[in-house]
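Structure first, commentary second.
Worth saying up front: this structure is predicted, and the values here are computed from it rather than measured.
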Amino acid sequence: LSFPSFSGALLFLGEGNAAARLGSLGWLVDCPITYWGDLDPYGFVILDRLRSHFPHVSSMLMDAATLADYEHLGVTAQRPAECVLPQLSPEERAVANVLYERRWSIEQEKIPQLAVAAYLRSMASPRGI
């Protein structure tokens, strides 16, 4: 709902915990996939699960810079019982650990659409999504 219009994008919305079900869609193996979840431990758990099926998944706005820019929008949240996420990059794991320890969550829809649009424009290069 907070994703701006972006040509050539197919969006799966909601049911983040069901993202692993996408593993049954074999055609996604050949597609670039970018995951944008809430900036919280659960968002990183979902990213980890998704990467167990599609190791090439990149994350979007789930990094230390985004956390620093929008930390003021965060709220206290529950955390998963465990936060062992072997599919994450070292930077993603570091951000997930900070969020896990702080019990912190920044919902993706709280990030201003102008910031999301700017990110997408920057990724629309030949290396992007």
Side-chain angles (χ1 to χ4, degrees):
L1 297 175
S2 60
F3 198 87
S5 177
F6 189 75
S7 178
L10 172 65
L11 301 173
F12 294 95
L13 173 67
E15 297 293 327
N17 285 318
R21 290 188 208 155
L22 296 175
S24 66
L25 302 177
W27 57 270
L28 287 174
V29 170
D30 297 322
C31 297
I33 302 172
T34 301
Y35 173 75
W36 180 35
D38 287 341
L39 194 53
D40 65 13
Y42 287 104
F44 284 102
V45 166
I46 295 165
L47 174 60
D48 186 78
R49 288 179 185 160
L50 192 55
R51 279 203 185 129
S52 70
H53 296 283
F54 305 105
H56 65 286
V57 170
S58 61
S59 62
M60 172 178 149
L61 298 171
M62 297 179 72
D63 55 20
T66 304
L67 175 59
D69 288 346
Y70 301 106
E71 187 172 14
H72 65 283
L73 300 175
V75 297
T76 302
Q78 293 183 348
R79 64 181 180 184
E82 189 174 327
C83 201
V84 177
L85 306 169
Q87 305 298 327
L88 299 185
S89 71
E91 180 189 7
E92 291 165 340
R93 193 172 300 112
V95 173
N97 287 338
V98 166
L99 295 165
Y100 182 83
E101 291 302 320
R102 290 182 56 200
R103 297 175 189 228
W104 204 244
S105 175
I106 301 170
E107 295 175 345
Q108 64 189 162
E109 59 269 18
K110 301 287 185 184
I111 297 174
Q113 276 199 343
L114 289 176
V116 177
Y119 180 89
L120 291 172
R121 281 192 302 275
S122 77
M123 295 306 295
S125 68
R127 67 169 184 84
I129 54 178

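With contacts defined as side-chain heavy-atom distances shorter than 4.5 Å, the pair Ile33/His56 qualifies. Within the 4.5 Å cutoff, side-chain heavy atoms of Met60 are placed close to those of Val116. For the pair Leu88 and Val95, the minimum side-chain heavy-atom distance is 4.5 Å or more. Counting heavy atoms from C-beta on, the side chains of Arg79 and Asp40 never come closer than 4.5 Å. With a 4.5 Å cut-off on side-chain heavy atoms, Leu61 and Leu39 do not count as touching.
Criterion: ILVMFWY side-chain heavy atoms under 4.5 Å apart, direct or through other members. Under it, Leu67 and Tyr100 are not part of a common hydrophobic cluster. A continuous path of hydrophobic side-chain contacts links Val98 to Leu85 [ILVMFWY only; heavy atoms under 4.5 Å]. Hydrophobic clustering of Ile, Leu, Val, Met, Phe, Trp and Tyr side chains at less than 4.5 Å, counting indirect connections, keeps Trp104 apart from Val75.
Closest of all the heavy-atom pairs between Leu73 and Lys110 is CD1-O, 3.3 Å. Of all non-hydrogen atoms in Trp36 and Gln108, the two that sit nearest each other are O-NE2, 2.6 Å.
Between the OG1 atom of Thr34 and the OH atom of Tyr119 there is a distance of 6.5 Å, given to the nearest 0.5 Å. The distance from the CG atom of Leu47 to the CZ atom of Phe54 is 13.0 Å, given to the nearest 0.5 Å. One distance of note links CZ of Arg93 with CD of Gln87; it measures 9.0 Å at 0.5 Å rounding. The distance from atom CG of Leu22 to atom NE2 of His53, rounded to the nearest 0.5 Å, is 8.5 Å.
Using modelled atom types and a 3.5 Å distance limit, the side chains of Asp69 and Thr66 yield no donor-acceptor pair.
Asp48 contributes no side-chain N or O that, together with a main-chain N or O of Phe44, makes up a donor-acceptor pair within less than 3.5 Å.
Every residue two or more places apart in sequence or in another chain that forms a salt bridge (Lys or Arg N to Asp or Glu O under 4.0 Å) with Arg102 is listed here: Glu71. Among residues two or more places apart in sequence or in another chain, the salt bridge (Lys or Arg N to Asp or Glu O under 4.0 Å) test is passed with Glu92 by Arg51.
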